[in-house]
Novice: 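One structure, pasted below without further comment.
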Amino acid sequence: MAVAPSALLDAYVQLPLANRVRLRGGLFKTPYSAEFLAPRPRIRFAERARVVNALAPNRQAGVQLSGDLTPPASDAQVTATLGAFNGTRGLSTNDNDNLLYLARLSGSLPAGPCTRPTWSMTGPPSPKHRPSRPSATT
């Protein structure tokens, strides 16, 4: 029985630049979407959404600067991330002079005891875009 070779998924160095500011360089997931950044055991469905698989830039070689924007003692958490990547998936060499630039603003806001809803770049969903649940009638 032959053993399949393993592929290198993530390889990076992360340096703390200042209090709550980090610089990362290497091969890693781009800061694209919450579903793409979540580890597979934490996503709600067995597979990622097709649109995420089709549009996400996947793992890229590049540099990323991220920092926490809220005070350490705050219950809220807001993180800003900026990155420049080679624009090709994995460790492939860049086939042109263009780079892929990404920015992400994400966080969580306390909404009461023991709850911490999260939001991403566009903020929380508006009430009219939330799926309606059928009401139980007795």
Side-chain angles (χ1 to χ4, degrees):
M1 183 163 113
V3 177
S6 61
L8 179 65
L9 294 178
D10 293 321
Y12 59 86
V13 174
Q14 184 165 297
L15 303 169
L17 295 181
N19 187 22
R20 301 162 43 95
V21 177
R22 299 162 302 283
L23 179 68
R24 177 185 286 188
L27 175 68
F28 52 93
K29 288 182 176 182
T30 56
Y32 179 71
S33 74
E35 184 177 0
F36 180 67
L37 292 172
R40 192 171 289 273
R42 292 189 57 203
I43 58 176
R44 293 180 187 242
F45 301 104
E47 296 292 327
R48 297 189 195 280
R50 285 187 178 185
V51 70
V52 171
N53 287 334
L55 296 178
N58 212 331
R59 288 175 165 83
Q60 301 267 336
V63 294
Q64 171 180 296
L65 180 68
S66 61
D68 299 324
L69 303 178
T70 50
S74 174
D75 286 339
Q77 179 184 359
V78 177
T79 303
T81 305
L82 301 169
F85 301 92
N86 69 351
T88 59
R89 291 184 179 222
L91 289 173
S92 303
T93 58
N94 196 349
D95 55 357
N96 56 30
D97 292 334
N98 300 325
L99 294 175
L100 171 68
Y101 299 100
L102 291 172
R104 180 175 173 78
L105 183 65
S106 61
S108 62
L109 301 171
C114 301
T115 61
R116 190 175 219 175
T118 60
W119 56 274
S120 186
M121 187 74 79
T122 57
S126 64
K128 70 176 187 177
H129 294 320
R130 288 189 185 136
S132 60
R133 293 186 179 172
S135 59
T137 58
T138 54

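FYI, side chains are in, hydrogens and waters are out, and symmetry mates aren't considered; it's all heavy atoms of this structure.
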Novice: Applying side chain to side chain contact (heavy atoms under 4.5 Å, CB included), can you list everything that pairs with Asn96, at least two apart in sequence or on another chain?
Specialist: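 For Asn96, the residues satisfying side chain to side chain contact (heavy atoms under 4.5 Å, CB included) (neighbours in sequence not counted) are Asn94, Asn98.
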Novice: Could you list all the salt bridge (charged side-chain N to carboxylate O under 4.0 Å, His left out) pairs where at least one residue sits in residues 77-86, not counting sequence neighbours?
Specialist: none
Novice: Can you name the residues that form a side chain to side chain contact (heavy atoms under 4.5 Å, CB included) with Ala80, not counting sequence neighbours?
Specialist: Leu69, Leu105
Novice: Grab the two heavy atoms, one from Thr79 and one from Asp68, that are nearest each other, plus how far apart they are.
Specialist: OG1-OD1, 3.2 Å
Novice: Looking only at atom types and distance, does a side-chain atom of Gln14 sit under 3.5 Å from a main-chain N or O of Arg24, one as donor and one as acceptor?
Specialist: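 Absent.
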Novice: How would you list, by chain and number, every residue that makes a side-chain hydrogen bond (donor to acceptor under 3.5 Å, both in side chains) with Thr30, sequence neighbours excluded?
Specialist: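 If we apply the side-chain hydrogen bond (donor to acceptor under 3.5 Å, both in side chains) test to Thr30, skipping adjacent residues, there are no hits.
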Novice: Taking all atoms of both residues into account, what is the closest heavy-atom pair of Leu27 and Ala61, and its distance?
Specialist: CD1-N, 3.9 Å
Novice: Using the salt bridge (Lys or Arg N to Asp or Glu O under 4.0 Å) criterion, which residues pair with Asp10? Sequence neighbours excluded.
Specialist: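 In terms of salt bridge (Lys or Arg N to Asp or Glu O under 4.0 Å), with neighbours along the sequence ignored, Asp10 is linked to Arg59.
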Novice: Do Thr81 and Arg22 have side chains that approach each other closer than 4.5 Å (heavy atoms only, starting at C-beta)?
Specialist: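 Thr81 does not reach Arg22 side chain to side chain.
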Novice: Could you list who else is in Phe85's hydrophobic cluster, with ILVMFWY side chains joined at under 4.5 Å, directly or through other members?
Specialist: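 Once heavy-atom contacts under 4.5 Å are chained together, Phe85 belongs with Tyr12, Phe28, Leu100, Leu102.
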Novice: Mind checking what makes side-chain hydrogen bond (donor to acceptor under 3.5 Å, both in side chains) contact with Asn58, not counting sequence neighbours?
Specialist: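 Counting only residues at least two positions away or on another chain, Asn58 forms no side-chain hydrogen bond (donor to acceptor under 3.5 Å, both in side chains).
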Novice: Which pair of heavy atoms, one from Gln64 and one from Lys29, lies closest together, and at what distance?
Specialist: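 Shortest heavy-atom contact: OE1-O, 4.4 Å.
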Novice: Taking all non-hydrogen atoms of both residues, which atom of Thr88 and which atom of Asn86 are closest, and how far apart?
Specialist: O-OD1, 2.9 Å
